[in-house]
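Notes for the one structure printed next.
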Amino acid sequence: MLKLGNKFANTETSIFTVMTSLSIQEKAINLAQGFPDFDGPDFIKEKTFQAIKNGFNQYANSSGLPILREAVAFHFEKFYRTKFNPETEITVYSGATESLFSTFMALVENGDECIIFDPAYDSYAPAIKLAGGIVKSIPIQMPTYEIDFTELETLFNEKTKLLVLNSPQNPTGKTFTKNELEKIAFLCKKWNVIAVCDEVYEHLTFDSHVHLPLANFDGMRERTVTISSTGKTFSFTGWKIGFSLACEEITKRLRACHQFVTFAVATPFQIGMAEALKVGDEFYREFQKDYLKKRSLLLEILTKSGFKPIVPQGTYFVLADYSNFSNEDDFTFAKMLTQKSKVSAVPVSVFYENKNSVQNLLRFCFCKKEETLEQAGERLIKFASENL
Ligand code: PMP
Ligand code: GLN
């Protein structure tokens, strides 16, 4: 008998792998896994091709190429007016996923309590548990996006090590307000807790909602790990270039861990993304405008075909209630929808710690060409005509 142990004995395959495989098998339009069906700008590709041709093909510095760390500092200062030192406070990883993992491994010790919002991105809870932490969760009420701050306060105690905040939030689309962030900052300071802020959708907010980094709140810079990824903003999710900004004391620990996870990240892609992060304001205006159009299109399609979508404040995801169609659990419905309509979506219960608090919701992504969304719309309307 192999001594496999129990660490991963009951771990399910990621929902993104499951739904993408099913989409391929069923020749369905994949609105499940969040990746664009279009490429990012040519100038980023050109810069990367050139880097490969010019021989930038060996290991990068473990904490990231200096030009990329400088570009990350430039980008953060430009948008949020706070300086970080590229030499000592910024680190490059293989995507935000590795940044999150290295952060939890570096900071969480056996028995430490870590607060996450419920629902949350699927990697947080498993990574915290692997590091020996105990997950405590606080619900985000849907569809109002409200948080009970009295309940949140009860989760804090001497054992609380960190709080994970994802804003704009995957999967709900919630974008935390100034008032909410002030309350979170107050609790983190009161209980000497580190905030791990996943801000990969920082440039995807809509209507009157704006992204505010928690690190910018009074007294938070020294206790926040801000994590982002160039994958979403520049539409190259497969390049997996992510980064963190944190004070020197924390960064030392993050780098110590990162050096044993991947050591360094692909050199030419870092050169391409260093160029990308220096892009002018027009790019971000167009990016938001494009995504606003895509969001409207998906909301219209879902409404027309009998779903009840919740309007997201940020991200490129829409949660939609399918109770007009079925009372079956979301896994069963997501699978059936993929097979019958040839459009796939993610069952939202995978993102919940407390599975009982969610019913009849699927997550659809709109990081797709308009023609793809329109084609998905035709398929969903046909499905509705046969199943409502
Ligand atoms: N955090 C959130 C909230 C995400 O939605 C994703 C997925 N794209 C990631 C982290 C992972 O980002 P990356 O692809 O850069 O690892
Ligand atoms: N972040 C993407 C999503 O939420 C997928 C990431 C992944 O495939 N691991 O859909």
Side-chain angles (χ1 to χ4, degrees), residues 11-24 29-37 40 64 68 72 91-104 116-128 140 164-176 196-205 211 213-214 225-244 258 261-262 265-266 269-270 272-273 276-277 291 298 312-319 334 344-352 361-368:
T11 307
E12 305 276 353
T13 302
S14 147
I15 194 65
F16 306 118
T17 306
V18 171
M19 292 315 298
T20 290
S21 306
L22 187 64
S23 304
I24 294 167
I29 296 175
N30 187 350
L31 301 188
Q33 189 180 25
F35 63 89
D37 65 346
L68 177 54
V72 169
T91 309
V92 176
Y93 306 81
S94 180
T97 312
E98 196 236 321
S99 183
L100 289 157
F101 190 82
S102 291
T103 302
F104 298 139
I116 67 172
F117 289 87
D118 201 22
Y121 187 56
D122 71 336
S123 82
Y124 305 161
I128 289 168
I140 295 177
V164 187
L165 177 76
N166 174 210
S167 182
Q169 211 240 14
N170 181 4
T172 60
K174 177 178 171 65
T175 301
F176 284 70
V196 177
C197 297
D198 179 346
E199 304 187 353
V200 301
Y201 300 104
E202 60 185 313
H203 292 295
L204 277 172
T205 56
H211 172 63
L214 189 64
V225 181
T226 302
I227 292 171
S228 194
S229 170
T230 55
K232 320 289 164 188
T233 306
F234 300 107
S235 307
F236 288 114
T237 60
W239 291 17
K240 298 289 292 183
I241 303 291
F243 52 84
S244 69
H258 160 74
V261 182
T262 50
V265 175
F269 295 113
Q270 291 193 55
M273 284 309 176
L277 283 164
Y291 268 102
L298 181 60
Q313 302 167 339
T315 75
Y316 47 48
F317 305 109
V318 171
L319 299 189
S344 63
V346 173
V348 172
S349 60
V350 293
F351 300 107
Y352 275 83
L361 280 182
L362 294 185
R363 192 200 75 176
F364 293 83
C365 67
F366 54 91
C367 45
K368 303 291 166 188

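One-based numbering, in listed order, for ligands and for the atoms of each.
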Can any side-chain N or O of Ser229 pair as donor or acceptor with the backbone N or O of Val200 at less than 3.5 Å? no
Report yes or no: does Gln169 contribute a side-chain atom to a donor-acceptor pair with the main-chain N or O of Lys174 at less than 3.5 Å?
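Not a single qualifying donor-acceptor pair exists.
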Min over Phe16, Tyr121, Tyr124, Phe236 of heavy-atom distance to atom 4 (C) of ligand 1 lands on Tyr121
Backbone, side chain, both or neither: what part of [X] comes under 4.0 angstrom of ligand 1, heavy atoms only?
X      : result
Lys240 : side chain
Thr315 : neither
Val200 : side chain
Gln169 : neither

Is ligand 2 less than 4.0 angstrom away from at least one heavy atom of Phe35?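 No, Phe35 has no heavy atom closer than 4.0 Å to ligand 2.
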_For the 3.5 Å polar cut-off, considering only N or O atoms, please tell me whether Asn170 and ligand 1 meet it._
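Looking only at distances, the answer is yes, because the N/O contact criterion of under 3.5 Å is met.
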Query - Under 3.5 Å: N/O of Tyr201 near N/O of ligand 1 - result: yes
Over 60° means perpendicular and under 30° means parallel, so classify the ring planes of [Y] and [X], tilted if in between.
X      : Y      : answer
Phe16  : Phe351 : tilted
Phe236 : Trp239 : parallel
Tyr93  : His258 : perpendicular

Side-chain H-bond candidate by donor/acceptor type, [X] with [Y], under 3.5 Å:
X      : Y      : value
Thr315 : Asn170 : no
Thr226 : Glu199 : no
Glu202 : Thr233 : no
Gln33  : Thr20  : yes

To check your reading of the model: name the closest protein heavy atom to [atom], its residue, and the distance in Å.
atom                    : result
atom 12 (O) of ligand 1 : Ala96 CB, 3.5 Å
atom 1 (N) of ligand 1  : Asp198 OD2, 2.5 Å
atom 11 (C) of ligand 1 : Thr97 OG1, 3.2 Å
atom 8 (N) of ligand 1  : Lys232 NZ, 1.8 Å
atom 8 (O) of ligand 2  : Gln33 NE2, 2.6 Å
atom 7 (C) of ligand 2  : Phe16 CD1, 3.5 Å
atom 1 (N) of ligand 2  : Tyr121 OH, 3.4 Å
atom 15 (O) of ligand 1 : Ser229 OG, 2.6 Å

Within the 4.0 Å heavy-atom cut-off, what Thr97 brings close to ligand 2 is neither
Honestly, for Met19 the part within reach of ligand 2 (heavy atoms, under 4.0 Å) is neither
Spacing of CG belonging to Asn30 relative to CD1 belonging to Ile24, to within rounding of 0.5 Å:
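Result: 7.5 Å between the selected atoms.
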Only one of Tyr201, Phe364, Tyr291 passes ring-ring contact (aromatic ring centres under 6.0 Å, His included) with Phe317, and that residue is Tyr201
- request: Tell me whether the guanidinium CZ or amine NZ of Lys368 lies under 6.0 angstrom from the six-membered ring centre of Phe366 and within 45° of its axis.
  value: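 So Lys368 doesn't make the cation-pi contact.
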Quick note on ligand 1: atoms under 4.0 Å from a heavy atom of Asn166 include exactly 3 (C)
request  = Please tell me if the side chains of Thr262 and Glu98 come closer than 4.5 Å, counting only heavy atoms from C-beta onward.
outcome  =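 Answer yes - side chains close enough.
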**OP:** Please confirm whether Phe35 comes under 4.0 Å of ligand 1, counting heavy atoms of the residue only.
**Re:**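 It does not; every heavy atom stays at 4.0 Å or beyond.
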At a 4.0 Å threshold, what atoms of ligand 2 neighbour a non-hydrogen atom of Lys232?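 By the 4.0 Å cutoff, the relevant atoms are 1 (N).
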